[in-house]
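One is the number of the first residue; the rest follow in order along the sequence. No hydrogens, no waters, no symmetry mates; every other heavy atom, side chains included, goes into these values.
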Amino acid sequence: PDREGLDLNRNFPADWRQEFQQLGAGPYPTSEPEVRAMVDFITQHPNIGAAVSFHTHSGVILRPCGTRSDKDMTPEDLWLFQQ
């Protein structure tokens, strides 16, 4: 299949949407081996409670949940990000 435009960031299960709604998402969540390996590793290690994603293309640190506004965050989490 044509993989041009595939975006591994959009292939993770959280908030995954089909290609016609989100370009680059892939045919199904974790369809790509790199993403599947990361998801498998994290789910097999319950001691992992958080992760930091460095989005090098735009030079920003992504925070959860990037698809929601600050008012939807847990107040304590939002406070930490604002520090």
Side-chain angles (χ1 to χ4, degrees):
D2 182 8
R3 296 288 189 211
E4 186 175 336
L6 183 70
D7 183 345
L8 293 179
N9 293 313
R10 296 178 178 185
N11 192 237
F12 284 86
D15 296 324
W16 183 88
R17 295 186 308 276
Q18 293 179 332
E19 282 285 332
F20 73 91
Q21 295 175 314
Q22 179 174 261
L23 294 176
Y28 56 87
T30 68
S31 61
E32 306 310 307
E34 301 90 339
V35 175
R36 167 61 68 183
M38 290 179 66
V39 169
D40 287 347
F41 181 84
I42 292 168
T43 57
Q44 292 170 12
H45 293 82
N47 60 315
I48 297 175
V52 176
S53 176
F54 295 100
H55 200 268
T56 56
H57 175 74
S58 58
V60 298
I61 298 175
L62 301 178
R63 62 154 181 84
C65 291
T67 58
R68 299 186 187 113
S69 70
D70 286 351
K71 66 180 173 59
D72 294 329
M73 286 184 74
T74 304
E76 295 81 5
D77 292 344
L78 179 58
W79 180 84
L80 284 171
F81 279 105
Q82 291 173 335
Q83 298 310 305

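- For the residue pair Pro29 and Pro13, the shortest heavy atom distance occurs at CB-CA, 3.9 Å.
- Here the closest non-hydrogen pair linking Gly26 and Ser31 is CA-OG, 4.2 Å.
- With side-chain heavy atoms closer than 4.5 Å counting as contact, directly or through intermediates, Trp16 stands alone and belongs to no larger hydrophobic cluster.
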Pair up each side-chain donor or acceptor in residues 74-83 with any protein partner under 3.5 Å, not counting sequence neighbours, and list the distances.
{"unit_1": "Gln83", "atom_1": "NE2", "unit_2": "Trp79", "atom_2": "O", "d": "3.1"}

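- Residue Ile42 belongs to a hydrophobic cluster whose other members are Phe41, Ile48, with links defined by side-chain heavy atoms closer than 4.5 Å.
- For Glu34, the side chain to side chain contact (heavy atoms under 4.5 Å, CB included) partners at least two apart in sequence or on another chain are Leu8, Glu32.
- Remark: Arg17 engages no residue in a salt bridge (Lys or Arg N to Asp or Glu O under 4.0 Å) (not counting sequence neighbours).
- For Arg10 (side chain) and Gln22 (main-chain N/O), no donor-acceptor pair under 3.5 Å exists by modelled atom type.
- Here ring-ring contact (aromatic ring centres under 6.0 Å, His included) pairs that include residues 18-37, with residues two or more places apart or in two chains, number zero.
- For the residue pair Thr30 and Asn11, no side-chain donor N or O sits within less than 3.5 Å of a side-chain acceptor on the partner.
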